[in-house]
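Notes for the one structure printed next.
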Number of protein chains: 2
Amino acid sequence: MSPAVGPRPVTIELNAVLVALIGEEPQVLTLQDGALLPSGPFEGDHPTLQTGLRAWVERQTHHPLGYVEQLYTFADRSRAEATTGRRIVSISYLGLTRERVAAGKREPGWQSFYRYFPWEDWRTGPSKLLAHTILPRLGKWSDEAREPAIKRERRQRVAVTFDDSAWNEELVLQRYELLYEAGLVPEAGRPKRPVGDPVPGEPMSYDHRRILATGIARLRAKIKYRPVVFELMPPDFTLGQLQRAVEALAGRRLHKQNFRRLVEQQGLVEETGALTAETGGRPAKLYRFRREILLERAVAGTKLPLARSA
Amino acid sequence: MSPAVGPRPVTIELNAVLVALIGEEPQVLTLQDGALLPSGPFEGDHPTLQTGLRAWVERQTHHPLGYVEQLYTFADRSRAEATTGRRIVSISYLGLTRERVAAGKREPGWQSFYRYFPWEDWRTGPSKLLAHTILPRLGKWSDEAREPAIKRERRQRVAVTFDDSAWNEELVLQRYELLYEAGLVPEAGRPKRPVGDPVPGEPMSYDHRRILATGIARLRAKIKYRPVVFELMPPDFTLGQLQRAVEALAGRRLHKQNFRRLVEQQGLVEETGALTAETGGRPAKLYRFRREILLERAVAGTKLPLARSA
DNA sequence: CCTGTTATACTCAGAGTGAGCATAATAGGA
DNA sequence: TCCTATTATGCTCACTCTGAGTATAACAGG
């Protein structure tokens, strides 16, 4: 069990889920007409994985990456292995970048999250696609199970991940995997499933749609306890814009007044002093992110009933 | 940007942070008299990384792994690279396993968390090591900075991560990294720092102490929103034992009555019906983990002010 | 039967959160 | 000019959650 000198050739590949908000839609950078996430080899002359990724992305997009976070490392993929004989290890990252085009102009390569996961967008109310198509078909899948135990387990998993009365927007990956298991979405490069009529939502090549699901899920979880939305916002913004940004990522509507209360009382923003009348109604105050907050506080998050708080 | 066939030889290595509770101490499995985490090559004949890790750990420890989670993938390490010329990518995992020895007998290889991070143990009150040794030296390090801006930034980072009036037990890694930056802990295989008199706490070889810090941090965060403690508990336990387990991991004391309330009202446990008198005082009811809960509910966690929850 | 120890039940105040009412300030059209 | 629609902003209220503590129960050992 000493440090190993491995027996089999291996290739390292980096995958990036690059997110930007373009015109209040959450978008991800793709290649090949939306079928691929950007990916490339890890070049050994970079000191770390993260600097390698940054350099490579910034060279490709001519744009600085605001925030980068490692998502997951997969090695369980057939992919090119069959042909080359090499083991491919793929390390995926989530990166956030600021919008840089006019909201009107359509950037090539950027695609909405919800092109791939239409059932994840609840901003206009409970997803009709879910109620009319997905849930019935998942119900059928559950009923198809022969053993009662498996049937019960399937039903329960569907209920937990897709329950529309207690929708949990973080379960993007679990929902995708359940749909995959049920044969409702296709996925290349994995053990074949009997996919009949796939559910709406674009597929991607290889496991890139799964990686995207992982990235969206991580991002949806993260915005709740770290101020990462601001990496996607312009320097100045109104609270309404900020709210619509969060709504776009989370895929659901928020209570306006309570959202303001939360943002303000946490000291995340400060007024610039200016107003903007471009919002359609009463002019709104402009705010900017208080970067100092990153130094002032660490993460939040406690759920332990602590004793003697001094 | 097509899937890559890399130019440089690479070796994949797996590292495991294997945790067990032995006699109410949180312990990690080590080799070489505590200097190494178990690590080994990823053998290409396993379909996935996780199954590879499981098989390998269970072969080494003759013991099933209850819970496994990927921690992080590093490639930024000099290590054996200098000698072999190969790039080493190390994928680390956190694994939880059940105690299997009598509390008295000392298992070889298992070491307490707090042998490596003594300042992380607040179970007997605020760490004296912190107040008497670490904080003064970190203060000195801050003051050494020439530029006022850097001085201020150092002070603020120390305040956020080490603040003993609002101790955040999750910041294990941030604290370790700060100590490393300040030259207060040694670390092999990294750019040398002028380490004078190191702060108490055992070092490890390579970057294993850093990986351990990552694992402890992840575990401390996880116990707050997922019922993973039970992976470390015997089948039947009292609420007092459960509390001391959580305290051991979190490194701090909890309010007993509120801890019970939390555990009970979340439906995490059920009474077995039996009592045990081995706790020293009034006999305690025995409980067991309600595995069904894993199917009944997904994660918790919302901090968004949702609209119309109808 | 007193003392120390752990277990268990219950209460209470304050903070945080979901939900909604009310008002302000703009644009555009009747 | 004055409605109306729209967005922004301020404030209240009830309910739940959580920290903190009081009180009582049930054992062991001297």
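Hydrogens, waters and symmetry mates are skipped; everything else that's a heavy atom, side chains included, is used. Order of the sequence lines sets the chain letters (A, B, ...), proteins ahead of strands, with each chain counted from 1.
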Worksheet item: Hey, what do you get for CG (Leu268(B)) to CZ (Arg290(B)), rounding to the nearest 0.5 Å?
Response: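 Output value for this atom pair is 8.5 Å.
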
Rounded distance (Å) that lies between atom [atom2] of [N] and atom [atom1] of [X]:
| X | N | atom1 | atom2 | result |
| --- | --- | --- | --- | --- |
| Gln257(A) | dT23(C) | CD | P | 14 Å |
| Leu254(B) | dT18(D) | CG | C1' | 13 Å |
| Arg244(A) | dT6(D) | CZ | P | 14 Å |
| Phe259(A) | dG10(D) | CZ | P | 15 Å |
| Arg260(B) | dA9(C) | CZ | P | 6 Å |
| Leu242(A) | dT9(D) | CG | C1' | 15 Å |
| Arg253(B) | dG21(D) | CZ | P | 14 Å |
| Leu239(A) | dT9(D) | CG | P | 6 Å |

Worksheet item: Should the pair Arg253(B) and Trp167(B) be classed as cation-pi, given the thresholds of under 6.0 Å to the six-membered ring centre and 45° from the axis?
Response: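 Judged by the rule, Arg253(B) and Trp167(B) form no cation-pi pair.
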
Discussion item. Looking at Arg261(A) and dG10(D), is any side-chain donor or acceptor paired with a base atom of the opposite kind under 3.5 Å?
Written reply: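 Between dG10(D) and Arg261(A), which were checked side chain against base, a qualifying N/O pair under 3.5 Å is absent.
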
Practice prompt. Establish whether the base of dT9(D) is bridged to the side chain of Glu264(A) by a donor-acceptor pair shorter than 3.5 Å.
Written response: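 No.
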
Worksheet item: Does Lys256(B) put a side-chain nitrogen or oxygen below 4.0 Å from OP1 or OP2 of dA7(C)?
Response: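 Answer is yes, contact under 4.0 Å.
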
Practice prompt. Using only side-chain N and O atoms of Lys285(B), determine if any of them is under 4.0 Å from OP1 or OP2 of dA7(C).
Written response: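 It does not, given that no N or O in the side chain of Lys285(B) lies less than 4.0 Å from OP1 or OP2 of dA7(C).
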
Counting side-chain heavy atoms from C-beta on, which of [options] comes nearest to [X]?
| X | options | result |
| --- | --- | --- |
| Thr238(B) | dT9(D), dT8(C), dA7(C) | dA7(C) |
| Gln265(A) | dT8(C), dT17(C), dC11(D) | dT17(C) |
| Asn258(A) | dT8(C), dG18(C), dC11(D) | dG18(C) |
| Arg282(A) | dC27(D), dA9(C), dT9(D) | dT9(D) |
| His255(B) | dG21(D), dA8(D), dT8(C) | dG21(D) |

Worksheet item: Charged N to carboxylate O under 4.0 angstrom, Arg288(B) versus Glu271(B)?
Response: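 Salt bridge absent between Arg288(B) and Glu271(B).
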
Item to complete: Sort out for me which residue in Gln241(A), Arg123(A), Arg244(A) forms a side chain to side chain donor-acceptor pair (under 3.5 Å) with Glu24(A).
Response: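 So, applying the side chain to side chain donor-acceptor pair (under 3.5 Å) to Glu24(A) and each of Gln241(A), Arg123(A), Arg244(A), only Arg244(A) qualifies.
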
Fill in: Residues that Lys128(B) engages under side chain to side chain donor-acceptor pair (under 3.5 Å), provided they are two or more places apart
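In terms of side chain to side chain donor-acceptor pair (under 3.5 Å), with neighbours along the sequence ignored, Lys128(B) is linked to no residue.
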
Discussion item. Under 4.0 Å, heavy atoms only, any strand: does Ala277(B) hit a base, just the sugar-phosphate, or nothing?
Written reply: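 Result for Ala277(B) = nothing.
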
